[in-house]
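Heads up: the structure comes next, in structure tokens.
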Amino acid sequence: MTIDEQEPVRRLKANQIMNSTIAELKAYVEQALVAAFGADLAGTDPMLNPASNPKFGDYQSNVALALAKKLGQPPRAIAEQIVQQLEVSHICEPPTVAGPGFINLELKTSYIEAQLKAIQADPRLGVAPVEQPKRIIVDYPSPNIAKEMHVGHLRPAVIGDCIARMLEFVGHDVLRISHVGDWGTPFGMLIAYLREAYPDALTTTNQLDLGDLSSFYRQAKKRFDEDENFREAARLSVVELQAGDEKTLKAWKIVCQLSSRSYRKIYDLLGISADILERGESFYNPFLPEIVEELDRLGLLVEDNGAQCVFLDGFTNKEGKPLPLIVQKSDGGYNYATTDLAAIRYRVQTDKIQRVIYPVGAEQTNHFTQIFQVGRRAGWITDEVEFIHAPFGLVLGEGGQKLKTRSGEAIRLQELLNEAIARARADLETRLKEEERQETEEFIAHAAEVVGISAVKYADLSQNRTSNYIFSYDKMLALQGNTAPYMLYAYVRVQGISRKGGIDFKQLGADCPIVLQDETELALAKHVLQFDEILSAIDLDLLPNRLCQYLFELSQKFNQFYDRCPVLQADEPLRTSRLVLSNLTAQTIKLGLSLLGIPVLERM
RNA sequence: GCUCCAGUAGCUCAGUGGAUAGAGCAACCGCCUUCUAAGCGGUCGGUCACAGGUUCGAACCCUGUCUGGAGCGCCA
């Protein structure tokens, strides 16, 4: 593998959302550097980051340590000189030099109060859109249309949808595309079996649901494995399909529509965006011969054992010889590499895309590295476009093994979600009984569904995307810890305040005074204002768990505030100030969760 | 055999060059006449797999080793 393929992710720097506070402070530190040590240092990274520990203030600059060698002075002396030139008194308390040469900055309470006041009526909560929006494709799960969705589709759906939502909110032009498997061998098998066992099915489509098709698939697979004649019939169906045989095409379309509808049902339950463009493998069929011809024209194509190949740089087979990427099989057929290459070319040349993100399992890392390499060598992928594989780990069972049913099959997604909802419902009903609360069936069903689905999604998103994760209903539904229910509860608590006090947050107006008195409300306020820093980080690294971590800390800080600071009983102007702070917290949780694809509840 | 990913507290995990490595769970101790205790506070818990190296500074970067996972020619 060449290093080039990995570069685009790290090279992204220019297009960040600028947090006003951190960006401003960076600019001031840079100015101070120049003032203290001359124009040579213009453009030096001020190394300004959130403080590693609250006792060091809010932000710290480590630049003095880095410059010690270059300037030939002790880092503390450098830091002192920078501080002397640093004029940030409208934002910070007087900067201090600590330890070996850290510059510590603490925001002024009056500054935080003013910032909060400024965003209190802003639907974007002070997050500025990116200055240079990009046209981005996010790849959605590509299940094979002939099968039901299973647990393997959970992560790409949840993570991909979250990435798309965040990039869109940040201001990019996002195109959601599903590269569904709507062509190929499984289809031949399925069509052959339908013809054999249920010839009527092709004319009475409305009676079929995908549950049936799924069992058909298993039956068909069984026949396929057992019977040589059936295998031949399946192959024939594929040939007929590819030849455009009308009856076969009709069967194919019926199955596609049925499964499409079935996906939509699960996607709706999961809260996956409805705005997905379905561009299946069949979409690229017309382009496949051109792809091979073009590769040939470019001199990249080599015939090997009857297959048309592009030999790869940096990949070898078990004998140590160069590894080919096969783009046309010896029987003349095409494979997924060809389709993916066609998609790459189409996305660059027709969609005019600037960035493509593939949230796909880490086991396909080689595949993506390979097709990106060929795309690059073919000239389709240039320095102006980024093709990024955003890999993620496996979903494992509690024993650390791959998650399966007892019979060893992949767990159906629908069943998994039903189970989560049922467990959420059982928890809720237990609590209602304990608290002697009466709620309607509608309330219970809705709350259980939101809690159950949110728990599944949040558990997935809150782990570092790249590692495997262990699926545990008990942990994800736990009411304490970094879970969806904890966040939902923090939001509900704020709504409880408004109900109890008969307060309509929207009526508070945009001009309420903010007074930050208790240390918990100051800490909460500071955290609310860091929302955009998290979003700009995610624009670069595409790791949703950063947002989860942020929301968890926000909820914790809110609960501490809630514990320490009475809101409704406080005297003015503290009361209104705390109402605004509570509402801003709730709005931040609501917006943050919505970017994760998770709704909120008013009561739970 | 090769490639990629991972190894941090009993468990699940944050932490992609900065200060004394952090959460949650579990265990134990406190806090409800007060906006939902689905909460809050506290205690306990670490040779950051191991060995070298780079650096003023390394869990993080480099090299090697060990362990686990994934992948490696006509499936997707």
Side-chain angles (χ1 to χ4, degrees), chain A residues 1 10 47 49 51-53 55-56 60 62 65-66 68-69 74-75 98-102 104 142-144 179 181 184-186 281 304-309 314-321 323-331 333-337 339-340 361-367 369 391 393-394 396 400 402 427-428 431 435 437 451 459 462-464 466-470 472 474-475 478-483 485-486 488-490 492-501 503 520 541 545-546 548-549 552-553 556 559-560 562-570 578 582 603-604:
Chain A
M1 184 199 308
R10 282 170 207 145
M47 298 183 72
N49 293 308
S52 60
N53 187 316
K55 74 181 178 193
F56 301 135
Q60 64 182 58
N62 307 331
L65 297 133
K69 190 168 259 181
F102 299 104
N104 291 338
S142 311
N144 191 296
H179 189 104
T185 322
E281 291 170 354
D304 193 73
N305 288 328
Q308 300 299 324
C309 310
F315 286 90
T316 54
N317 63 16
K318 288 166 190 169
E319 288 84 47
K321 292 175 184 162
L323 192 72
L325 182 73
I326 293 172
V327 294
Q328 187 170 22
K329 300 186 285 183
S330 51
D331 67 2
Y334 303 100
N335 59 18
Y336 74 124
T339 322
D340 280 342
E363 67 274 12
Q364 294 201 44
T365 300
N366 282 348
H367 171 66
T369 311
L394 299 167
L396 303 176
K402 206 166 176 175
D427 283 352
L428 178 60
R431 223 181 54 250
E435 296 172 9
R437 278 169 60 190
V451 170
S462 62
Q463 305 250 328
N464 185 312
T466 55
S467 46
N468 293 346
Y469 102 94
I470 294 181
S472 160
D474 288 338
K475 287 205 165 127
L479 305 167
Q480 53 282 116
N482 189 5
T483 63
Y486 182 89
L488 293 172
Y489 180 59
V492 161
R493 281 186 131 177
V494 178
Q495 306 320 307
I497 295 173
S498 89
R499 265 195 310 279
K500 181 84 175 193
I503 285 156
T520 57
D541 61 27
N545 64 300
R546 287 179 186 275
C548 294
Q549 186 67 30
F552 176 54
E553 285 167 8
Q556 273 184 319
N559 279 326
Q560 288 159 2
Y562 185 88
D563 199 50
R564 286 265 299 263
C565 300
V567 177
L568 294 172
Q569 292 97 322
R578 286 178 176 172
S582 298
R603 288 192 303 131
M604 61 190 282

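Excluded from the calculations below are hydrogen atoms, water molecules and symmetry mates; all remaining heavy atoms, backbone and side chain alike, are included. Numbered from 1 within each chain, the chains take letters A, B, ... in sequence-line order. Note that the coordinates shown come from a computational prediction; the quantities given were computed from them, not determined experimentally.
Residue contacts for A/Gly181: at a heavy-atom cut-off of 4.0 Å it reaches no nucleic acid atom on any strand shown. The residue A/Asn335 sits close only to the backbone: its heavy atoms come under 4.0 Å of sugar-phosphate atoms, none of a base. Among the protein residues, A/Lys318 comes within range of the nucleic acid bases, having at least one heavy atom under 4.0 Å from a base atom. Looking at heavy-atom distances under 4.0 Å, A/Pro324 makes contact with a base. Counting non-hydrogen atoms under 4.0 angstrom, A/Asn545 reaches the backbone sugars and phosphates but no base. When heavy atoms are screened at a 4.0 angstrom cut-off, A/Cys565 is found touching base atoms of the nucleic acid. Contacts of A/Val492 with the nucleic acid, taken as non-hydrogen atoms under 4.0 Å apart, include base atoms. Residue A/Ala66 is classed as a base contact, given a heavy-atom separation below 4.0 Å to a base. Using a 4.0 Å heavy-atom cutoff across all strands shown, A/Glu281 reaches sugar-phosphate atoms only and no base atom. Note on A/Lys321: nothing from the nucleic acid sits closer than 4.0 angstrom, heavy atoms only.
Closest approach to the A/Ala307 side chain among B/U20, B/C2, B/C74 is made by B/C74 (side chain taken as heavy atoms from C-beta onward). Closest approach to the A/Gln463 side chain among B/A76, B/C35, B/U12 is made by B/U12 (side chain taken as heavy atoms from C-beta onward). For A/Ala98, taking side-chain heavy atoms from C-beta onward, the closest of the listed nucleotides B/G18, B/A19, B/G39 is B/A19. If you check B/A76, B/G18, B/A14 against the side chain of A/Gln549, the one that comes closest is B/A14. Picking from B/U16, B/G15, B/C35 the nucleotide with the shortest atom distance to the side chain of A/Leu568 gives B/C35. Of the candidate nucleotides B/G18, B/U3, B/G39, B/G18 has the atom lying nearest to any side-chain atom of A/Leu65. Nearest to the side-chain atoms of A/Phe552 among the listed nucleotides B/G73, B/C25, B/A23 stands B/A23.
Rounded to whole angstrom, the span from the CZ atom of A/Arg546 across to the C1' atom of B/A23 amounts to 16 Å. Here B/C25 presents its C1' atom at 12 Å from CG of A/Asp474, a figure rounded to the nearest Å. Taking atom CZ of A/Arg437 as the reference point, atom C1' of B/A37 lies 14 Å away to the nearest angstrom. The distance from atom CD1 of A/Ile497 to atom P of B/G39 is 16 Å, rounded to the nearest whole Å. Separating the CG atom of A/Asn464 from the C1' atom of B/C5 is a distance of 11 Å, rounded to the nearest angstrom. Between A/His179 atom NE2 and B/C75 atom P there is a gap of 16 Å when expressed in whole angstrom units. As a whole-Å value, the separation of A/Tyr486 OH from B/U12 C1' is 17 Å. Atom CG of A/Asn317 and atom P of B/U3 are 13 Å apart (whole Å).
Between A/Phe102 and B/A19, a base-stacking contact is recorded: ring centres under 5.5 Å apart, planes less than 30° from parallel. Residue-nucleotide stacking is present for A/Phe56 and B/A19, judged by a side-chain ring centre under 5.5 Å from the six-membered base ring centre and planes under 30° apart.
Between B/C11 and B/G71, the distance separating the two C1' atoms is 29 Å to the nearest Å. Taking the P atoms as reference points, B/U8 lies 31 Å from B/C56, given to the whole Å. Taking atom P on both nucleotides, B/G24 is separated from B/G52 by 35 Å, rounded to a whole Å. Nucleotides B/C50 and B/A9 place their P atoms 11 Å apart, quoted to the nearest Å. Rounded to whole Å, the separation between the P atoms of B/G39 and B/A49 comes to 32 Å. Going from the C1' atom of B/A59 to that of B/A19 covers 15 Å, rounded to whole Å.
Nucleotide B/G71 forms a pair with B/C2, judged by Watson-Crick or G-U wobble geometry with both contacts under 3.5 Å. Base-pair partner of B/U55: not found among the strands shown (Watson-Crick or G-U wobble, both distances under 3.5 Å). Across every strand in view, B/G17 sits unpaired, with no contact that passes the Watson-Crick or G-U test at under 3.5 angstrom. Using Watson-Crick or G-U wobble geometry with both donor-acceptor distances under 3.5 Å, B/C66 finds its partner in B/G7. Checking B/U12 for Watson-Crick or G-U wobble geometry (two distances, each under 3.5 Å) identifies B/A23 as its partner. Nucleotide B/C31 has B/G39 as its partner under the Watson-Crick or G-U criteria, with both atom distances under 3.5 Å. Remark: B/U47 base-pairs with no nucleotide in the shown strands. Criterion, Watson-Crick or G-U wobble with two distances under 3.5 Å.
At a cut-off of 3.5 angstrom, the base of B/A19 holds at least one donor-acceptor pair with the side chain of A/Gln60. At a cut-off of 3.5 angstrom, the base of B/A6 holds no donor-acceptor pair with the side chain of A/Ser467. With hydrogens and angles ignored, no donor-acceptor pair under 3.5 angstrom links the side chain of A/Lys69 to the base of B/U55. No hydrogens or angles were tested; on distance alone, a donor-acceptor pair under 3.5 Å links the side chain of A/Asn104 to the base of B/A19. Under 3.5 Å, the side chain of A/Asp563 and the base of B/G41 form no donor-acceptor pair of N or O atoms.
In this structure, A/Asn468 and A/Leu394 approach most closely via the heavy-atom pair OD1-N, 2.8 Å. For the residue pair A/Tyr334 and A/Val327, the shortest heavy atom distance occurs at CD2-O, 3.5 Å. The heavy-atom pair separating A/Val494 from A/Ser582 by the smallest distance is CG1-O, 3.5 Å.
Taking syn as a glycosidic angle within 90° of 0, B/C44 does not qualify and is anti.
For the OP1/OP2 pair of B/C13 and a distance below 4.0 Å, the side-chain nitrogens and oxygens of A/Lys475 include no atom meeting the criterion. Contact between the side-chain N/O atoms of A/Gln556 and the OP1/OP2 oxygens of B/G39 is not found at any separation under 4.0 Å. Close to B/G39, at under 4.0 Å from its OP1 or OP2, lies no side-chain N or O of A/Gln560. Considering only side-chain N and O atoms, A/Arg493 lies under 4.0 angstrom from the phosphate OP1 or OP2 of B/A37. Contact annotation: A/Asn482 side-chain N/O to B/A23 OP1/OP2 distance is not under 4.0 Å. Contact annotation: A/Asn468 does not reach the phosphate of B/U12 (side-chain N/O to OP1 or OP2, under 4.0 Å).
Side-chain atoms of A/Gln60 never come within 3.5 Å of backbone atoms of A/Phe102 as a donor-acceptor pair (strictly under, hydrogens ignored). Not a single donor-acceptor pair under 3.5 Å links the side chain of A/Thr339 to the backbone N or O of A/Glu281. Looking only at distances, a side-chain donor or acceptor of A/Ser142 sits under 3.5 Å from a matching main-chain atom of A/His179. A/Asn482 places no side-chain N or O within 3.5 Å of a backbone atom of A/Ser462 that could act as its donor or acceptor partner. Formation of a donor-acceptor pair under 3.5 Å by the A/Asn305 side chain with backbone atoms of A/Ala307 is not found in this model.
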Does the side chain to side chain donor-acceptor pair (under 3.5 Å) test come out yes or no for A/Thr466 and A/Asn464, once each step is laid out?
CA-CA 6 Å; A/Thr466 55; A/Asn464 185 312; 2.7 Å; yes
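Counting only N and O atoms by type, the side chains of A/Glu553 and A/Gln549 include a donor and acceptor under 3.5 Å apart.
Residues A/Ser498 and A/Ile470 both approach RNA chain B. Their nearest nucleotides, taken by heavy-atom distance, put A/Ile470 toward the 5′ side.
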